[in-house]
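All values reported here derive from a predicted model rather than from experimental measurement. Just so it is clear: chains get the letters A, B, ... in the order the sequence lines come, proteins before strands, and each one is counted from 1.
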Number of protein chains: 2
Amino acid sequence: MTFIKPRSTATTRDRLLTAAEMAILDKGFAATSIEELIVEVGITKGGFFYHFKDKSALIEAILERHLVAEEVWLDDLFASAAKETEEPLAQFLVFLRLLQEQMAALPDVHPGCLIAATCFQERLFTQTVHDLAQQNLLNWRSRFHARLTAIAKVDPPRYQIDLEAMADMLVVLVDGAIILSKTVREKEVLPRQIALYACFVAGVFGDVG
Amino acid sequence: MTFIKPRSTATTRDRLLTAAEMAILDKGFAATSIEELIVEVGITKGGFFYHFKDKSALIEAILERHLVAEEVWLDDLFASAAKETEEPLAQFLVFLRLLQEQMAALPDVHPGCLIAATCFQERLFTQTVHDLAQQNLLNWRSRFHARLTAIAKVDPPRYQIDLEAMADMLVVLVDGAIILSKTVREKEVLPRQIALYACFVAGVFGDVG
DNA sequence: TGGTACACTTGACCTTGGGTACAGTGACCC
DNA sequence: GGGTCACTGTACCCAAGGTCAAGTGTACCA
């Protein structure tokens with residue numbers, strides 16, 4: 001009766017993470033039970049707690065993995081943009097266009113932002129989780145801020161502007177657009193906001209007709 | 001032993017709503033137990049379920065009350081702005097300034113947006129809750145869109161711009177800024193984003209130096 | 001004055017789900 | 001052939017959501 005699958009090293013843990021990430025983005029952390037995850041992955045409760053000491057450890061691991069993946073993804077987008085042009089403003093606008101295209105290409109409403117999902121569950125998570133989320137957003141902020149500073153050096157802004165707030169604005173727009181998009185069930189919201197942000201940037205630094 | 005307080009009509013229900021709203025904004029819906037609410041309000045479990053058939057009914061009621069309060073608050077801000085000037089663009093900019101001031105005056109990081117808190121808990125709530133949230137955001141969208149259209153009639157935009165996206169942008173910015181603000185624990189984020197949005201609006205429609 | 005509706009209380013009980021504990025067990029590795 | 005890894009299986013605890021039925025003081029109304 002005891003059907004034992006071949007030893008699967010880290011695969012089971014990874015499949016657990018993937019199943020959990022999808023379920024959490026889909027319906028939220030609290031609504032995702034350990035039970036359904038182990039059924040999906042095909043292990044038992046003991047197996048789950050062998051990998052993660054509790055539910056919080058699970059979301060910590062998801063966030064960590066997510067952070068790395070997102071970093072790579074952002075790097076790729078920046079690299080693609082850098083291939084097209086060397087001029088900082090043009091490069092940033094290409095990056096925004098790529099970002100917009102990727103968001104528009106998603107089949108459904110954006111599955112949602114893990115950070116935001118954890119943000120409204122304060123007491124449910126450990127400090128580590130909140131620290132990871134913070135680190136992630138600060139990373140976006142500083143990356144965009146560096147770009148904007150580089151742009152401002154070449155193309156000084158037409159009027160006095162808060163570059164740090166402008167860097168934050170993209171982060172904020174993405175998270176906010178996901179909320180609006182999910183709530184009103186319109187997938188165009190996110191790409192449209194990115195496009196509008198690009199307009200803003202172009203209007204501040206460039207000469208738009 | 002049975003200590004019976006004077007009949008309190010709707011007060012108990014209202015106190016329950018207030019306690020729940022604060023707790024939910026503070027730590028999330030899932031982390032808020034019925035137990036702690038009834039202790040705070042000083043009733044028993046039976047009393048709770050007398051007022052609300054379940055936890056979902058509680059958040060429905062909170063959202064309903066919130067929707068009304070927010071509407072009044074928005075109306076007041078618009079009315080105050082209308083007192084200062086009649087010109088649509090100037091009026092909207094005054095409104096944004098007032099909004100910014102109110103957000104900056106909050107003692108802490110903004111307690112958070114109920115809509116966003118529900119958005120990432122899809123399966124935990126009833127359809128009614130999501131419909132209420134949707135209605136709320138669509139209300140903001142259409143209000144701001146009406147303002148922007150009025151502005152565009154008097155001061156045509158300097159370049160082709162998507163006014164609906166621009167209306168959404170304010171909604172998106174507020175929700176997104178709350179997330180960023182809560183996550184990185186910087187209360188200035190929200191007022192700064194509103195200020196930046198005002199810059200954007202002024203830059204699109206007005207003549208800024 | 002008496003009746004009825006309201007706003008609860010009390011307490012017993014059920015279920016789900018997170019979490020613990022621990023003794024196995026097959027596969028793989030040295 | 002011994003140890004470790006990656007689990008299984010079982011049994012059990014606790015918190016929290018939720019149900020049910022019977023009771024009780026208060027207020028208002030006829």
Side-chain angles (χ1 to χ4, degrees), chain A residues 1-21 23-24 26-62 117-118 121-126 128-129, chain B residues 1-21 23-24 26-62 117-118 121-126 128-129:
Chain A
M1 211 55 175
T2 44
F3 173 64
I4 303 284
K5 284 153 241 161
R7 163 131 102 174
S8 47
T9 63
T11 339
T12 304
R13 188 187 140 97
D14 238 60
R15 276 163 52 226
L16 222 30
L17 285 178
T18 304
E21 184 171 351
I24 290 170
D26 180 42
K27 44 195 199 179
F29 181 73
T32 301
S33 70
I34 293 174
E35 186 61 28
E36 71 179 275
L37 296 178
I38 63 179
V39 167
E40 194 179 329
V41 171
I43 58 168
T44 58
K45 218 171 173 184
F48 178 90
F49 287 101
Y50 171 79
H51 287 295
F52 305 102
K53 79 172 220 293
D54 53 26
K55 231 183 156 189
S56 266
L58 173 70
I59 202 159
E60 268 173 40
I62 290 175
T118 63
Q121 299 283 312
E122 292 213 20
R123 300 297 147 78
L124 223 51
F125 301 123
T126 58
T128 318
V129 171
Chain B
M1 211 52 173
T2 43
F3 174 62
I4 303 284
K5 283 153 240 161
R7 162 132 103 168
S8 47
T9 61
T11 338
T12 304
R13 189 188 140 97
D14 239 59
R15 276 163 54 226
L16 222 31
L17 285 178
T18 304
E21 183 171 351
I24 289 170
D26 181 42
K27 46 193 198 181
F29 181 74
T32 300
S33 69
I34 293 174
E35 185 61 29
E36 71 179 275
L37 295 179
I38 63 179
V39 167
E40 196 179 327
V41 171
I43 58 167
T44 57
K45 219 170 173 185
F48 177 90
F49 287 101
Y50 171 78
H51 287 295
F52 305 101
K53 81 172 219 292
D54 54 26
K55 230 183 155 188
S56 266
L58 172 71
I59 202 158
E60 268 173 40
I62 290 176
T118 63
Q121 298 284 312
E122 293 212 20
R123 299 297 147 78
L124 224 50
F125 300 123
T126 58
T128 318
V129 171

Checklist entry - What is the distance from atom OG1 of A/Thr44 to atom OH of A/Tyr50, rounded to the nearest 0.5 Å? => result 12.5 Å
Next on the checklist: If you define the side chain from C-beta out and look only at heavy atoms, does anything of A/Phe29 sit under 4.5 Å from A/Lys55?
Outcome noted: yes
Item to check | Contact check, side chains of A/Val41 and A/Phe48, non-hydrogen atoms, under 4.5 Å | outcome: no
Nucleotide N/O to protein N/O under 3.5 Å, stretch nucleotides 17-22 of chain D:
unit_1	atom_1	unit_2	atom_2	d
D/dG17	OP1	B/Ile34	N	3.4
D/dG17	OP1	B/Lys55	NZ	3.4
D/dG17	OP2	B/Ile34	N	3.2
D/dG17	N7	B/Lys45	NZ	3.2
D/dG18	OP2	B/Lys55	N	2.9
D/dG18	N7	B/Lys45	NZ	3.0
D/dG18	O6	B/Lys45	NZ	3.1
D/dT19	OP2	B/Lys53	O	3.4

Tell me: [atom1] of [X] to [atom2] of [N], nearest whole Å?
X: B/Ile38; N: D/dA16; atom1: CD1; atom2: P; value: 11 Å
X: B/Ile43; N: C/dC6; atom1: CD1; atom2: C1'; value: 15 Å
X: B/Phe52; N: C/dA7; atom1: CZ; atom2: C1'; value: 13 Å

Are [X] and [N] close enough that a side-chain N or O sits under 4.0 Å from OP1 or OP2?
X: A/His51; N: D/dC7; answer: yes
X: B/Thr44; N: C/dG11; answer: no
X: B/Tyr50; N: C/dC8; answer: no

Checklist outcome for this item: Contacts of A/Glu36 meeting side-chain hydrogen bond (donor to acceptor under 3.5 Å, both in side chains) (sequence neighbours excluded), chain-then-number -> A/Lys27
Item to check | Minimum heavy-atom distance between A/Val129 and A/Ser56, given as atom pair plus value | outcome: CG2-O, 4.3 Å
Item to check | Partners meeting side-chain contact (heavy atoms from CB on, under 4.5 Å) with B/Thr18 (sequence neighbours left out) | outcome: B/Met22, B/Arg65
